[in-house]
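What follows is a set of notes on a single structure, which appears directly below.
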Amino acid sequence: MNHRHLLSWMILAFAALPAMAGELVLPAFALNLEGRNGEIWSSEIYLTNPGDQPVQVELARFLPGNINKPTPCDLFMSPTRVVPPYSAAVWTAAGLATDLGCAERARGGLVLRADGPVYVTSRLVNLAGRDDEEGSTVLSGRGEAFEAIPIEELPGAGSHLLPALLWHRNPCDTSSFDTSVGFANPGQDPVEIRLDVPHETARAMRINGQEVFLPHSLMIRGGSWRQFRLSPVVEEGAPCGGIESFLLRVETDGPIAIYGSVIDRKSGDPRTVSPVPLRPVETLER
């Protein structure tokens with residue numbers, strides 16, 4: 001095996017390892033969140049312990065977004081779940097609601113703290129038509145998967161791409177696809193974000209319905225979460241357009257969790273898009 005193949009094998013092997021003890025960032029979380037078309041979205045979390053010792057996972061911080069607690073309950077210690085060796089556990093939506101101080105609605109990100117190796121994933125579920133009002137069991141419905149990221153592995157300062165996003169330019173009826181970009185900042189310092197759609201000839205787009213020129217800068221406060229809906233700018237009176245694929249370039253000046261979300265409005269299926277680091281142009285040796 002040559003050095004290049006050995007290096008590639010080592011990278012793949014380390015990428016497959018679970019997160020060790022420390023903090024992890026779940027970049028998107030919702031509890032009874034109302035969607036654009038009347039849907040209700042809630043998250044549940046899956047904890048997997050591949051080791052031979054119990055692992056304790058603690059809900060360390062909530063990164064708002066926003067949260068609604070009409071009748072808050074006091075928490076005397078941080079909520080935890082213990083995952084036995086070689087097993088998995090579900091942190092249900094009902095359990096998370098209580099552990100967030102008896103919240104009725106919330107959206108944002110979560111910071112979890114583990115005292116051993118653990119895989120943490122989640123499913124953000126569309127609860128349309130669900131009969132189980134208590135939500136005490138696993139959720140049923142179309143869902144979007146998110147992975148928790150070890151805090152030391154967050155995308156750092158630099159340029160990143162969110163590829164294969166979709167938007168519907170000037171639809172005759174309703175949009176067939178909606179795309180959002182989200183950020184979770186677990187640190188204390190704000191992170192500046194610079195957004196660009198390199199191939200958009202109009203050099204503008206809409207963020208949450210408001211037209212902005214490209215590139216566009218945003219500030220994500222420390223300990224917070226933000227999500228923005230993206231759509232193209234269309235001249236008034238222009239003919240009906242079609243579905244277009246585009247990529248979003250994201251430049252940051254500090255570590256932050258980044259994700260894209262594309263929803264097929266005809267089927268209701270969502271798709272998560274992970275950032276790809278943009279490689280700098282290498283200088284050729286002569």
Side-chain angles (χ1 to χ4, degrees), residues 27-43 63-68 105-109 124 126 128 142 144 146 160-185 190-221 224-252 256-273 275:
F29 169 83
L31 175 67
N32 295 326
L33 173 66
E34 294 186 9
R36 290 185 57 205
N37 295 324
E39 310 103 330
I40 301 295
W41 298 82
S42 282
S43 296
L63 307 175
N66 51 61
I67 189 167
N68 182 23
R105 288 182 299 277
R107 64 172 181 171
L124 179 57
N126 183 351
R142 294 186 178 93
E144 183 172 8
F146 291 91
H160 312 270
L161 297 180
L162 289 173
L165 304 177
L166 296 172
W167 59 23
H168 197 162
R169 191 178 298 272
N170 194 27
C172 292
D173 192 3
T174 57
S175 176
S176 296
F177 289 89
D178 286 335
T179 285
S180 297
V181 59
F183 305 95
N185 181 5
V191 174
E192 184 176 5
I193 307 293
R194 188 178 173 95
L195 303 179
D196 194 12
V197 183
H199 303 113
E200 181 63 10
T201 56
R203 304 309 303 144
M205 68 176 174
R206 289 193 176 101
I207 296 181
N208 292 345
Q210 181 178 355
E211 183 175 340
V212 300
F213 292 106
L214 296 173
H216 180 71
S217 295
L218 303 161
M219 192 69 70
I220 311 298
R221 299 192 314 272
S224 71
W225 171 93
R226 300 286 303 277
Q227 180 172 290
F228 305 94
R229 181 167 50 90
L230 309 180
S231 57
V233 173
V234 179
E235 295 182 5
E236 186 175 351
C240 296
I243 299 165
E244 301 175 2
S245 174
F246 70 99
L247 63 82
L248 183 72
R249 178 167 176 161
V250 182
E251 296 183 5
T252 71
I256 193 167
I258 306 169
Y259 66 90
S261 177
V262 180
I263 298 180
D264 183 335
R265 287 299 176 187
K266 291 183 179 179
S267 68
D269 288 332
R271 172 171 59 91
T272 303
V273 180

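All values reported here derive from a predicted model rather than from experimental measurement.
Glu39 is linked by a side chain to side chain contact (heavy atoms under 4.5 Å, CB included) to Asn37, Trp41, Asn126, Arg265, counting only residues two or more places apart in sequence or in another chain. In terms of the ring pair (Phe, Tyr, Trp, His ring centres under 6.0 Å) criterion, residue partners of Tyr259 (sequence neighbours excluded) are, by chain and number, Phe146. Partners of Glu251 according to the side chain to side chain donor-acceptor pair (under 3.5 Å) rule, which considers only residues two or more places apart in sequence or in another chain, are Arg249. Partners of Ala106 by side chain to side chain contact (heavy atoms under 4.5 Å, CB included), not counting sequence neighbours, listed by chain and number: Phe29, Leu31, Phe62, Ile67. Residues passing the side chain to side chain contact (heavy atoms under 4.5 Å, CB included) test with Ile220 are Phe183, Asn185, Ile193, Ser224, Arg226, Phe228, Ile256, sequence neighbours excluded. Scanning for side chain to side chain donor-acceptor pair (under 3.5 Å) contacts around Thr272 gives Glu144, with sequence neighbours left out. Here Arg105 pairs with nothing under the salt bridge (charged side-chain N to carboxylate O under 4.0 Å, His left out) rule; sequence neighbours left out. Legend: residues meeting side chain to side chain contact (heavy atoms under 4.5 Å, CB included) with Pro275, ordered by chain and number and at least two apart, are Pro155, His160, Leu162, Ile258. The side chain to side chain donor-acceptor pair (under 3.5 Å) test applied to Ser176 returns His168, not counting sequence neighbours. Among residues two or more places apart in sequence or in another chain, the side chain to side chain donor-acceptor pair (under 3.5 Å) test is passed with Thr179 by none. Under the rule for a salt bridge (charged side-chain N to carboxylate O under 4.0 Å, His left out), Asp264 has no partner lying at least two apart in sequence or in another chain.
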Notebook entry, point to check: Going through the distances and angles, do Leu195 and Ile207 end up as a side-chain contact (heavy atoms from CB on, under 4.5 Å)?
Noted result: CA-CA 10 Å; Leu195 303 179; Ile207 296 181; 4.2 Å; yes
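Of the inter-residue distances, the one linking Phe177 atom CZ with Ser231 atom OG reads 15.5 Å to the nearest 0.5 angstrom. The CG atom of Leu165 sits 7.0 Å away from atom CZ of Arg271, with the distance rounded to the nearest 0.5 Å. Rounded to the nearest 0.5 angstrom, Ser175 OG and Lys266 NZ are separated by 10.0 Å.
Of all the heavy atoms in Ala184 and Leu63, the pair that sits closest is CB-CD1, 4.1 Å. Contact record, Arg229 with Gly209: NH2-N, 4.2 Å, taken as the closest heavy-atom pair. Taking each heavy atom of Val234 and Ala238 in turn, the nearest pair found is CG1-CB, 3.7 Å.
Between the side chain of Asp269 and the backbone N or O of Arg142, no donor-acceptor pair lies under 3.5 Å. Side-chain atoms of Trp225 come within 3.5 Å of backbone atoms of Pro27 as a donor-acceptor pair (strictly under, hydrogens ignored). A donor-acceptor distance shorter than 3.5 angstrom exists from the side chain of Ser43 to the backbone of Ala30, with no hydrogens or angles considered.
Residue pairs meeting the side-chain hydrogen bond (donor to acceptor under 3.5 Å, both in side chains) criterion with at least one member in residues 199-215, sequence neighbours excluded, are Arg169-Glu200, Asp196-Arg203.
Two residues are said to be in side-chain contact when any heavy atoms from C-beta on lie closer than 4.5 Å; Ile40 and Glu34 meet this criterion.
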